[in-house]
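Whatever order the structure lists them in is the order used to number ligands and atoms, beginning at 1.
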Amino acid sequence: MDCLFCKIINREIPATIHYEDDEVIAFDDINPKAPYHFLVVPKKHISTLNDVTDEDVPLVGKLVQIASQLAKKVAIAEDGYRTVFNCNADGGQVVFHIHLHMLGGKKFSS
Ligand code: 5GP
Ligand code: ZN
């Protein structure tokens, strides 16, 4: 499958990995929009949020849990951080394998 994040999961493309287990991987965004910008990605290829099934719900919840664990690990949890899923064209999605952006280390405006 010609999917950038599947290639990172399969170690065909390098990335700076901060977390990995059987279901989830988290790595630095190559073009960070904040001092910390992690992408938390399920190993299962799911193209968009619209493709999440009932059986995927625990997996998507786990992405949120891993994002919060990473925030604690880099000591920004108390200051706060932003998490974002982009979906399809109007959402600005460019990689069609779902991923949770975790951005922190700066103050975002609302
Ligand atoms: P999207 O807009 O689809 O929500 O976000 C895709 C993200 O993937 C972007 O923030 C972009 O910087 C990041 N990205 C694109 N290509 C690569 C890559 O080869 N490696 C890594 N680590 N991130 C990438
Ligand atoms: Zn994929």
Next on the checklist: Would you say CD of E78 has more than 12 non-hydrogen atoms from neighbouring residues, nucleotides or ligands within 6.0 angstrom?
Outcome noted: no
Checklist outcome for this item: Among non-hydrogen protein atoms, atom 12 (O) of ligand 1 lies closest to D29 OD1, 2.5 Å
Item to check | Shortest protein heavy-atom distance from atom 2 (O) of ligand 1, along with the residue and atom involved | outcome: G92 O, 2.8 Å
Item to check | Nearest non-hydrogen partners of S47 and H45, listed with the distance | outcome: OG-NE2, 3.3 Å
Checklist entry - Would you say the side chain of T83 lies within less than 4.5 Å of the side chain of V64, judging by non-hydrogen atoms? => result no
Checklist entry - Are V74 and V41 grouped together when hydrophobic residues (ILVMFWY) are joined by side-chain heavy atoms under 4.5 angstrom apart? => result no
Next on the checklist: Tell me whether V40 shares a hydrophobic cluster with I76, the cluster being built from Ile, Leu, Val, Met, Phe, Trp, Tyr side chains joined at under 4.5 Å.
Outcome noted: yes
Checklist entry - Does ligand 1 have an atom that lies less than 4.0 angstrom from a heavy atom of F5? => result yes
Next on the checklist: List ligand 1 atoms under 4.0 Å from H99, heavy atoms only on the residue side.
Outcome noted: 1 (P), 3 (O), 4 (O), 5 (O), 6 (C)
Next on the checklist: Suppose I only count heavy atoms of N86 and a 4.0 Å limit; which atoms of ligand 1 are within that range?
Outcome noted: 1 (P), 2 (O), 4 (O)
Checklist entry - Using a distance threshold of 2.8 Å, what protein N/O/S atoms lie below it relative to the Zn ion (ligand 2)? => result C3 SG, C6 SG, H45 ND1, H97 ND1
Next on the checklist: Could you see if L100 belongs to whatever hydrophobic cluster contains L103? Use Ile, Leu, Val, Met, Phe, Trp, Tyr and a side-chain cutoff under 4.5 Å.
Outcome noted: no
Next on the checklist: Just to be sure I read this right, does ligand 1 sit under 4.0 Å from the backbone of L4, its side chain, both, or neither, counting only heavy atoms?
Outcome noted: side chain
Checklist outcome for this item: So side-chain hydrogen bond (donor to acceptor under 3.5 Å, both in side chains) across residues 24-43, not counting sequence neighbours, yields H18-D28, E20-K43, D29-H37, H37-H101
Next on the checklist: Main chain of P42, side chain of H97: is a donor-acceptor contact present, judged purely on distance under 3.5 Å?
Outcome noted: yes
Next on the checklist: Within the 4.0 Å heavy-atom shell around N31, which atoms of ligand 1 are there?
Outcome noted: 12 (O)
Checklist entry - Would you say D28 and ligand 1 have an N/O pair spaced under 3.5 Å apart? => result yes
Next on the checklist: Checking contacts here: is it the side chain or the backbone of F27 that comes within 4.0 Å of ligand 1, counting heavy atoms only? Could be both or neither.
Outcome noted: side chain
Checklist entry - What's the shortest distance from atom 14 (N) of ligand 1 to any protein heavy atom, and which residue and atom give it? => result I30 CG2, 3.7 Å
Item to check | Polar atom proximity, K33 to ligand 1 (N or O, under 3.5 Å) | outcome: no
Next on the checklist: Does any part of the side chain of N88, heavy atoms only, come nearer than 4.5 Å to the side chain of F96, both counted from C-beta?
Outcome noted: yes
Checklist entry - Just distances here: any N/O of V95 and N/O of ligand 1 closer than 3.5 Å? => result yes
Item to check | G104 to A34 - nearest heavy-atom pair and separation | outcome: O-CB, 3.5 Å
Item to check | Over 12 foreign heavy atoms within 6.0 Å of CG, D90 | outcome: no
Next on the checklist: Heavy-atom distances under 4.0 Å decide this one: backbone, side chain, both or neither, for T16 against ligand 1?
Outcome noted: neither
Checklist entry - Does Q93, backbone or side chain, put an N or O under 3.5 Å from an N or O of ligand 1? => result no
Item to check | Where K72 and A77 come nearest, the two heavy atoms and their spacing | outcome: CG-CB, 3.6 Å
Checklist entry - Hey, any chance I13 and F5 share a hydrophobic cluster, counting ILVMFWY side chains that come within less than 4.5 Å of each other, even indirectly? => result yes
Checklist outcome for this item: Quick note on ligand 1: atoms under 4.0 Å from a heavy atom of V94 include exactly 1 (P), 2 (O), 3 (O), 6 (C)
Next on the checklist: I'd like to know if the side chain of Q93 and the backbone of L49 have a donor-acceptor N/O pair within less than 3.5 Å.
Outcome noted: no
Checklist entry - Under a heavy-atom criterion of less than 4.0 Å, does A15 contact ligand 1? => result no
